[in-house]
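Structure first, then comments.
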2 protein chains.
Amino acid sequence: MSDDERASQSRTTYRHGDLRGALIAAGVEMAREGGPRAIVIREATRRAGVSPNAAYRHFADRDALLKAVSDTCLGLAADRIEQEQAAHPKTGDAVADARLQLRTVGLGYIAFAREEPGLFRTAFSVPDDLRQALSPAKAGVNGLTPFQLLSLALDALVDSGALLPARRENAEFLAWATVHGLGMLVIDGPLRGLTDPMIDFATERLLDMVDRGL
Amino acid sequence: MSDDERASQSRTTYRHGDLRGALIAAGVEMAREGGPRAIVIREATRRAGVSPNAAYRHFADRDALLKAVSDTCLGLAADRIEQEQAAHPKTGDAVADARLQLRTVGLGYIAFAREEPGLFRTAFSVPDDLRQALSPAKAGVNGLTPFQLLSLALDALVDSGALLPARRENAEFLAWATVHGLGMLVIDGPLRGLTDPMIDFATERLLDMVDRGL
DNA sequence: CGCCGATGTGTACACTGTCCACTACCTAGG
DNA sequence: CCTAGGTAGTGGACAGTGTACACATCGGCG
């Protein structure tokens with residue numbers, strides 16, 4: 001019987017084993033269904049089979065738990081982006097590949113927002129800062145954060161010659177803002193009622209716009 | 001002594017006069033400082049000088065109040081956009097004016113996000129739908145919603161010949177998503193730490209991108 | 001004038017975040 | 001091997017929240 005198994009059912013030991021991780025996992029699950037507002041300390045401890053106050057050994061307060069869950073969600077976003085990139089193999093043409101790499105970042109990002117709106121909203125429900133955009137806590141399984149994946153794509157674009165170095169600086173902001181906005185508007189902004197094909201189409205046009213306008 | 005004055009201090013009448021409006025106003029004030037999460041029924045009733053349950057005569061639950069406050073915030077955003085437009089008088093050149101009109105929508109939108117982050121977040125904290133984007137509840141003092149202001153700007157762009165009609169369809173989504181994303185990232189996303197000039201610069205570049213890429 | 005529907009009050013309950021004192025356990029040092 | 005001390009989890013308590021239910025008050029309409 002592994003530690004995980006022991007932790008998930010009624011445990012026999014006094015110590016939990018990985019309560020911090022269990023609380024975050026519970027938080028992710030609640031966020032998946034109800035967004036950031038659904039993250040509730042007492043419910044998380046209940047799911048971890050532990051008394052409410054045990055959470056305070058690992059998180060200063062609810063906001064600290066929310067922050068940890070939010071970081072985890074960003075990591076999941078990174079995973080989704082990488083999954084999209086894996087689904088679009090390179091062709092060998094450096095320029096085309098670089099442009100595709102940037103496009104897949106956007107596609108994966110939007111896909112994550114649409115597939116996991118609760119997690120997406122949670123990821124951005126907590127004030128952040130550029131200095132922390134590279135924090136390993138926000139990274140996916142491959143150790144890269146969404147911001148890093150975007151930066152890499154833009155670097156590749158410059159390397160291939162498809163983007164002038166003068167236009168490279170801070171291009172992250174433009175690309176990110178564009179795609180982020182679409183994600184937000186699609187999941188609970190005015191674009192919510194749109195059919196899937198319509199969203200697909202809008203996504204393509206948006207990415208075209210970035211491609212052309214960057 | 002006006003109704004407003006009577007309502008704001010300890011009232012003498014049993015009836016409040018405009019409790020619904022007072023609760024929304026209180027909600028806006030709380031949202032201004034603490035965002036959507038700070039909107040609290042009991043506190044709103046306290047500020048209105050009324051018992052907690054009185055709110056339930058006017059709102060089904062907290063979410064209903066939140067929704068009403070959110071709509072009001074959208075109206076305030078519309079006002080801020082119109083203010084920006086008023087600050088950029090027309091030149092007489094139809095093409096230049098149309099492009100400026102679109103740009104001022106973006107500028108006003110971002111300005112609102114930066115000046116009133118709490119209200120901005122509140123405006124988009126409630127799931128919405130395109131069918132309600134024109135609802136008068138979301139309109140500013142001139143009766144237009146932000147969405148309508150954007151649509152008008154795009155129409156002007158087509159009329160002036162600066163935008164091909166084929167590209168007009170659903171262009172709202174692209175323009176809105178772009179600017180909305182920047183707003184979100186600036187107020188509590190990774191772009192938060194940026195200095196004002198940096199944000200100004202990013203805004204200009206973003207609007208250039210839309211102008212070029214639409 | 002009297003009644004009735006709309007508006008506000010009072011009481012109550014379940015639930016939350018979080019503080020405090022306490023307990024069970026693990027482990028390093030003798 | 002035993003003990004001291006820190007770490008992790010428990011139990012009880014409190015203030016504050018959303019909200020249901022029954023009741024009080026009042027303005028306007030017949």
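Here the structure is a predicted model, which means the values were calculated and not measured. Heavy atoms only: backbone and side chains are in, while hydrogens, waters and symmetry mates are out. Below, chains carry the letters A, B, ... as their sequence lines are ordered, and counting in each starts from 1.
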Please give, in whole Å, the distance from C:dA24 C1' to A:H16 NE2? 16 Å
Ranking A:R57 and B:V50 by the position along DNA chain C of their nearest nucleotide, the one closer to 5' is B:V50
Within residues 25-38 of chain A, which residues have any heavy atom lying less than 4.0 Å from an atom of DNA chain D? none
Fit a plane to each ring of B:F124 and B:Y109, take the angle between them on a 0 to 90° scale, and name the class: parallel (under 30°), tilted (30 to 60°) or perpendicular (over 60°). tilted
Contact letters for nucleotides 12-18 of chain C, in which S counts primed atoms plus P, OP1 and OP2 and B counts the base, heavy atoms under 4.0 Å: ----SBB
Residues in salt bridge (charged side-chain N to carboxylate O under 4.0 Å, His left out) with A:R57, at least two apart? none
From CG of B:D18 across to P of C:dT7 the rounded distance in Å is 11 Å
Tell me: CG of B:L23 to C1' of D:dG18, nearest whole Å? 14 Å
Are any of B:H58's side-chain N or O atoms less than 4.0 Å away from OP1 or OP2 of C:dG8? yes
Compute the ring centroids of B:F173 and B:H180, then answer whether they are less than 6.0 Å apart. no
Could I get the full list of salt bridge (charged side-chain N to carboxylate O under 4.0 Å, His left out) partners for B:R121, not counting sequence neighbours? B:D188
Flag if over 12 foreign heavy atoms under 6.0 Å of CD, B:E204: yes
Please name all residues satisfying ring pair (Phe, Tyr, Trp, His ring centres under 6.0 Å) with B:Y56, sequence neighbours left out, ordered by chain then number. none
Run the numbers on A:D211 and A:R99 for salt bridge (charged side-chain N to carboxylate O under 4.0 Å, His left out), then give the verdict. CA-CA 8 Å; A:D211 196 43; A:R99 292 175 64 194; 2.3 Å; yes
With sequence neighbours excluded, tell me which residues meet salt bridge (charged side-chain N to carboxylate O under 4.0 Å, His left out) with A:E172. A:R168
